[in-house]
Each structure stands twice: as C-alpha cells, then as structure tokens.
Amino acid sequence: MKEFKPFKEGKVREVYDNGDSLIIVATDRISAFDNILKNKITDKGAILTQMSKFWFEFTKDVVPNHMLSVDVKDMPEFFRQERFDGNSMMCKKLEMLPIECIVRGYITGSGWASYQENGTVCGIRLPEGLVESDKLPEPIYTPSTKADLGDHDENISYEQSVEVLEKIYPGKGEDYASQIKECTIALYKKCAEYALSKGIIIADTKFEFGLDENGKVVLGDEMLTPDSSRFWPLEGYKPGQGQPSFDKQYVRDWLKENPDSDYLLPEEVVTKTVDKYKEAYELLTGKPFTR
C-alpha cells in the first residue's frame, strides 16, 4: 500500500497530493486566536466535511466547485482507514486565488467595532443608527488577503483585490475580481435564505476560489461551515447585543475568560462545542449526523 504524507498542513487541515486530484482531510483539531488548541474536538472534521459536501451540492448551479467525492472507496487504499473515513474530500486541483472572499449580511465582530468607530466596515460606509447584530440592507463584500500560517489576514478594498489579481494575471485582474465578488454575493444570498428557513442565520462567511485548467473560476476550500462562518439561531435573535452561535465562539469566549489556560479546554467546553456543530449540521441538512 502506498503511503501518503500531507504536502500542506494548516491549522486544522491536511492536504495530500493524489496525482490529478487532492485529498483534503479535516482533522478534529480546533484553532482560536491563531493558535491550535491542545484538545481535539471529536467528529468535528467529519461534521465540517459533510456540511461542505451538502453546500457544494446545493450551490453547484450557482458556481462549479472542486468536490469530486467524500467516499473513501473512491480514494487510494491508504485513505480507507478509520481516521480518514467521513472527514476526507477528494477535490479537483485548482490554482487558488490569493483572496479571502468575505461577505457580511449582519453587523458583528470586527465589523461592528469598526462601525462604532467611524460608521464604516472595511471602508464601506453603512447607514447610520445600526445596532450590534443588525441585518444589513444588502450583504457587503469585504475581501482580505490570505496570510501565511501565523500571520493575520489583511482587509483590502475591492479595488485593491483587482490590483492583487492583476499583478498575477495581467489583463484579467478586473475580470477575476468581479467574478469572485459576484459569486460570493450570489452564494451567500441563496444559502442564507435557505438557512433562515431552517432556523439558522448566517451572519457572515468566507469563500475561496481557484482557477481550473481552463482558467475558469471554481469554488474551492471548505464551504459554509461553523469554522468559516458565523451561524446564529434564528430563535431568540435580538439585535442590539451579541448573539449565541453555532461556531467556536463558545471556545473563544472561554479562552478570553481564562487567559492562563495555555489553550487547554475543559471537557465540558469540548462537549458543548461538538454538540453545537452537530446541531447546526442537523438543522441545515435535516438529517442526523453519522460518520
């Protein structure tokens, strides 16, 4: 049996080269504040992979995506081990664009802090009188550059995203920048409307795009998971305050309250986090989570 070694390892994912495709494995690691925590969150990788699969299938009419299969039977024998089952996705190889495509439908987090300061989010002026967690009149697109591991992503304007892409793809910067912006807004609108019907508000999210061998824009990476999005329960949603969420906010809050934790979570925080992820998956897909 051929052994595989990841050629790229992120905070929570491992990427393997499978010749004409990639195999992306979502581990049970969890990161917060740019640090990998010492605990594993059981089943997290599988929940996120199955959630991405659900969204990729749901949006393939909006923009093509990189997913080929999440069934390890379609992958080399090495991946037919228990530790890869359910949390691995075989994907088309793409040349990834160096832009994180962030879309915000509600005002929260760093966006809310910026708005309080000067009435803008990432340089975009918003109406006066918004309160924390308000729904925005229209979703806004606030791209950022992709930072290397350990660095922070940097918010940029749409115009700067054109410049970044123009440097790499002379004559195509404007075209690619406008395509990924339009795809980001269209994906968000379709998915946010669907999620709302299932009792979940998608406050914001990020997408990543790449180019296939013909230079076509394709959606890559993960999609609309609690790791890349803010999910709030519709029930009890109340603008004017922070909202409870289905993501790792619970972990972040605990870490803020316990600065001497050395990134080790108590078991109850781990359990509650897993339960939140599962609850989001089951609400959105209408199916119980199984590996």
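All residue numbers in this chain count up from 1 along the given sequence. Every heavy atom of this structure was used, including side-chain atoms; hydrogens, water molecules and symmetry mates were not.
At distances below 3.5 Å, at least one donor-acceptor pair connects side-chain atoms of N39 with backbone N or O atoms of L265. A donor-acceptor pair is defined here as one N or O able to donate and one able to accept, closer than 3.5 Å; such a pair exists between the side chain of K190 and the backbone of F58. Side-chain atoms of T145 come within 3.5 Å of backbone atoms of E154 as a donor-acceptor pair (strictly under, hydrogens ignored). Counting only distance, with no hydrogens or angles, the side chain of S228 and the backbone of T225 share a donor-acceptor pair below 3.5 Å. Side chain of N214 to backbone of K216: no donor-acceptor contact under 3.5 angstrom is found. At least one donor-acceptor pair closer than 3.5 Å links the side chain of D28 to the backbone N or O of G45. Under the 3.5 Å distance criterion, the side-chain polar atoms of Y176 are left unmatched by any main-chain donor or acceptor of L165. A distance-only check finds no donor-acceptor pair linking the side chain of Y106 to the backbone of P239 [under 3.5 Å]. At distances below 3.5 Å, not a single donor-acceptor pair connects side-chain atoms of S114 with backbone N or O atoms of S110. Remark: side-chain polar atoms of S261 are not paired, donor with acceptor, to backbone N or O of L255 under 3.5 angstrom.
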Practice problem: Verify side-chain contact (heavy atoms from CB on, under 4.5 Å) between D134 and V131, making sure each step is shown before the conclusion. | Solution: CA-CA 6 Å; D134 251 344; V131 297; 3.4 Å; yes
Exercise. Dump the intermediate steps for side-chain contact (heavy atoms from CB on, under 4.5 Å) on E163 and I156, then the final yes or no.
Key: CA-CA 10 Å; E163 286 167 25; I156 55 173; over 6 Å; no
Quiz item: Would I24 and R13 satisfy side-chain contact (heavy atoms from CB on, under 4.5 Å), going step by step from the backbone distance to the final call?
Solution: CA-CA 7 Å; I24 299 175; R13 285 184 300 172; 4.0 Å; yes
Practice problem: Show the numbers, then the answer: is there a side-chain contact (heavy atoms from CB on, under 4.5 Å) between L22 and H66? | Solution: CA-CA 10 Å; L22 294 177; H66 70 164; over 6 Å; no
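Between W232 and Y237, the ring planes lie parallel to each other; the angle is under 30°, not in the 30° to 60° tilted range. Ring planes of F78 and F84: tilted class, angle from 30 to 60°.
To the nearest 0.5 Å, atom OH of residue Y169 and atom CG of residue D175 are 12.0 Å apart. Here the NZ atom belonging to K278 is positioned 10.5 Å from the OG1 atom belonging to T290, to the nearest 0.5 angstrom. Here the straight-line distance linking atom CZ of F56 with atom CG of L68 works out to 10.5 Å at 0.5 Å rounding. For the atom pair D43 CG and T49 OG1, the distance stands at 11.0 Å (nearest 0.5 Å). We find the CG-OG distance between N87 and S52 to be 12.0 Å, quoted to the nearest 0.5 Å. To the nearest 0.5 Å, atom CD of residue E159 and atom CD of residue E174 are 8.5 Å apart.
In terms of heavy-atom proximity, N65 sits nearest to V218 at C-CG1, 3.4 Å. Contact detail for E222 and L48: the closest heavy-atom pair is OE1-CD1, 4.3 Å. P76 approaches I23 most closely through the heavy-atom pair CD-CD1, 3.7 Å. Scanning both residues, E282 and F289, for their nearest heavy atoms gives OE2-N, 2.8 Å. Between F246 and P226, the closest heavy-atom pair is O-CB, 3.4 Å. Among all heavy-atom pairs drawn from L136 and I107, the shortest one is CD2-CB, 4.1 Å.
A 4.5 Å side-chain heavy-atom check between F209 and T184 finds at least one atom pair inside the cut-off. Between D17 and F4 the shortest side-chain heavy-atom distance does not fall below 4.5 Å.
Aromatic pair Y194/F54: ring centres closer than 6.0 Å. If you look at F33 and Y263, their ring centroids are not closer than 6.0 Å.
Of the N and O atoms on the side chains of Q160 and S157, at least one donor lies less than 3.5 Å from an acceptor on the other residue. With hydrogens and angles left out, the side-chain atoms of Y277 and D227 include a donor and acceptor closer than 3.5 Å.
Using a 4.5 Å cut-off between side-chain heavy atoms of Ile, Leu, Val, Met, Phe, Trp and Tyr, with links allowed through other members, V70 and L219 fall into the same hydrophobic cluster. L187 and I185 fall within a single hydrophobic cluster, where Ile, Leu, Val, Met, Phe, Trp and Tyr side chains are chained together by heavy-atom contacts under 4.5 Å.
R80 has no carboxylate O lying under 4.0 Å from a charged side-chain N of E77, or vice versa, which leaves the two without a salt bridge. Ion pairing between K272 and E279 fails under the 4.0 Å rule for side-chain N and carboxylate O. Checked for salt-bridge contact, D34 and K11 meet the test: a charged N lies under 4.0 Å from a carboxylate O.
When the salt bridge (charged side-chain N to carboxylate O under 4.0 Å, His left out) test is applied to K53, the partners found at least two apart in sequence or on another chain are E57. When the side-chain hydrogen bond (donor to acceptor under 3.5 Å, both in side chains) test is applied to D20, no partner is found at least two apart in sequence or on another chain. Residues passing the side-chain hydrogen bond (donor to acceptor under 3.5 Å, both in side chains) test with Y16 are E14, sequence neighbours excluded.
Within a 6.0 Å sphere centred on NZ of K135, heavy atoms belonging to other residues, nucleotides or ligands number 12 at most. Atom CD of E235 is surrounded by 12 or fewer heavy atoms from other residues, nucleotides or ligands within 6.0 Å.
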